[in-house]
Amino acid sequence: SSDGLLWARSNTGSNAKVTDIIFSRGLYLAMGMNMTANASAIWGSMEGIVYFNIPAPAVLNKTFRGAAFGNGRIVAVGDDLISVSENGLVWSPNLLSVPTYDMFGVAYGGGVFVAVGEMGMVMVSPDGIAWSPPFYIHPSCGVDPCHLNAVVHDSGKFIAVGDQLSMGAVFVSQNGLAWTGNVYGDVATSLVEVAGCNGTFVAVTGMTEYANSNDGIFWNTGTFPGGAQIQGVACRP
């Protein structure tokens with residue numbers, strides 16, 4: 001869509017599960033899993049309508065979950081997967097030499113990439129190539145299990161969302177290394193996606209509820225009208 005109101009239907013040309021899409025380096029990049037090959041995959045498009053397969057690490061039984069651009073590189077993360085590209089067309093082999101935690105989201109800001117995922121784990125990298133070992137986003141996640149679905153950087157801070165003790169959870173960091181404890185703890189489900197726009201943040205549950213904040217620390221909860229179940233959110237600055 002060019003205006004968000006009128007939409008054209010497209011597809012990858014494959015039996016695909018698409019989990020995320022970004023625009024970078026003049027390409028729309030859709031990522032997920034090729035269901036026929038049962039392996040991770042990335043597709044590209046110049047205009048967002050006709051997609052083509054991009055050679056990227058095709059790891060059996062694995063899915064790319066998210067991507068971000070920063071420091072001259074695109075970084076894609078997923079199930080035991082991290083791959084980088086400078087142009088969106090040529091991708092590195094999987095940079096994870098040993099299995100680690102599944103990463104479901106990645107963001108760039110303040111000079112670092114931050115990837116978040118299962119068990120409340122975080123990994124940080126200055127260049128998308130060399131990564132820190134996974135660490136708990138907060139020590140409480142080692143006691144009360146957490147799950148992180150998405151992360152965004154806006155207005156000088158990272159916001160990571162997911163759940164803790166089966167309730168929505170939000171964690172905040174200035175640098176990707178030191179994080180607050182859960183500052184949300186509302187709605188009896190997980191927060192699945194988050195967007196930031198000039199200091200305002202919105203997170204959605206994939207159901208009818210959403211949460212919003214003007215600073216990332218204090219959050220309100222609302223419900224979409226008409227019973228809409230919203231699984232994604234984005235901002236046009």
Side-chain angles (χ1 to χ4, degrees), residues 19-20 40 59 61-68 75-83 94-154 156-196 201 203-207 209-211 213 215-219 221 231:
T19 58
D20 196 15
S40 51
V59 183
N61 302 312
K62 303 298 181 181
T63 303
F64 279 115
R65 303 285 182 177
V75 173
V77 303
D79 305 337
D80 296 333
L81 283 170
I82 296 179
S83 182
N94 185 10
L95 297 178
L96 293 180
S97 58
V98 296
T100 185
Y101 293 89
D102 293 345
M103 292 292 161
F104 300 120
V106 60
Y108 181 84
V112 295
F113 289 94
V114 172
V116 301
E118 65 175 336
M119 300 299 295
M121 288 295 170
V122 177
M123 296 171 65
V124 178
S125 171
D127 57 10
I129 297 175
W131 290 81
S132 71
F135 60 91
Y136 284 119
I137 196 168
H138 190 266
S140 64
C141 290
V143 179
D144 300 323
C146 299
H147 184 89
L148 301 174
N149 292 313
V151 60
V152 69
H153 184 273
D154 185 78
K157 64 188 70 172
F158 290 96
I159 305 292
V161 302
D163 60 80
Q164 185 175 26
L165 292 175
S166 300
M167 300 291 287
V170 176
F171 300 86
V172 184
S173 175
Q174 301 292 325
N175 58 14
L177 296 171
W179 294 79
T180 66
N182 179 13
V183 299
Y184 184 59
D186 202 351
V187 304
T189 186
S190 185
L191 298 171
V192 300
E193 187 59 273
V194 61
F201 300 92
V204 296
T205 65
M207 303 299 288
E209 299 89 359
Y210 66 89
S213 172
D215 59 8
I217 301 296
F218 298 99
W219 292 76
T221 301
Q231 299 189 22

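Values below: every heavy atom of this structure, side chains too, minus hydrogens, waters and symmetry copies.
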Measuring from atom [atom1] of [X] to atom [atom2] of [Y], what distance do you get when rounded to the nearest 0.5 angstrom?
{"X": "D186", "Y": "L191", "atom1": "CG", "atom2": "CG", "answer": "9.0 Å"}
{"X": "W131", "Y": "M103", "atom1": "CH2", "atom2": "CE", "answer": "8.5 Å"}
{"X": "F104", "Y": "D79", "atom1": "CZ", "atom2": "CG", "answer": "6.0 Å"}
{"X": "I159", "Y": "S213", "atom1": "CD1", "atom2": "OG", "answer": "7.0 Å"}

Determine whether [X] and [Y] make a side-chain contact, defined as any pair of heavy atoms from C-beta on separated by less than 4.5 Å.
{"X": "Q164", "Y": "Y184", "value": "no"}
{"X": "C146", "Y": "Y136", "value": "no"}
{"X": "V59", "Y": "F64", "value": "no"}
{"X": "V75", "Y": "I82", "value": "yes"}
{"X": "V151", "Y": "V194", "value": "no"}
{"X": "I137", "Y": "L148", "value": "yes"}
{"X": "V183", "Y": "V172", "value": "yes"}

**OP:** Tell me, please, which residues at least two apart from Y210 pass ring-ring contact (aromatic ring centres under 6.0 Å, His included).
**Re:** F224
Subject >> Audit row: S40, L81, side-chain contact (heavy atoms from CB on, under 4.5 Å) steps and yes/no >> reply: CA-CA 9 Å; S40 51; L81 283 170; 3.5 Å; yes
**OP:** Classify the ring geometry between F158 and H153 as parallel (under 30°), tilted (30 to 60°) or perpendicular (over 60°).
**Re:** perpendicular
Original post:
With distance as the sole criterion, is a donor-acceptor pair present between the side chains of S83 and N94 under 3.5 Å?
Top reply: no
Subject >> Side-chain H-bond candidate by donor/acceptor type, T189 with D163, under 3.5 Å >> reply: no
**OP:** Locate the shortest heavy-atom distance separating A203 from V161; write the atom from each residue and the value.
**Re:** CB-CG1, 4.2 Å
**OP:** Work out which heavy atom in F201 is nearest to a heavy atom in G196; give both atom names and the distance.
**Re:** CD2-CA, 3.7 Å
Subject >> Crowding at CE, M207 (>12 non-hydrogen neighbours, <6.0 Å) >> reply: no
Original post:
Does D80 come within less than 4.0 Å of K62, counting only side-chain N to carboxylate O?
Top reply: yes
Please tabulate, for the side chains in residues 107-130, all donor-acceptor contacts under 3.5 angstrom to protein atoms that are two or more places apart in sequence or on a different chain.
from: E118; atom 1: OE2; to: D102; atom 2: N; distance (Å): 2.9
from: S125; atom 1: OG; to: D127; atom 2: N; distance (Å): 3.2
from: S125; atom 1: OG; to: D127; atom 2: OD1; distance (Å): 3.1
from: S125; atom 1: OG; to: G128; atom 2: N; distance (Å): 2.7
from: S125; atom 1: OG; to: A130; atom 2: O; distance (Å): 2.7
from: D127; atom 1: OD1; to: I129; atom 2: N; distance (Å): 2.8
from: D127; atom 1: OD1; to: A130; atom 2: N; distance (Å): 3.0

**OP:** With side-chain hydrogen bond (donor to acceptor under 3.5 Å, both in side chains) as the test, would you mind laying out the steps for N182 and S140 before giving the verdict?
**Re:** CA-CA 9 Å; N182 179 13; S140 64; over 6 Å; no
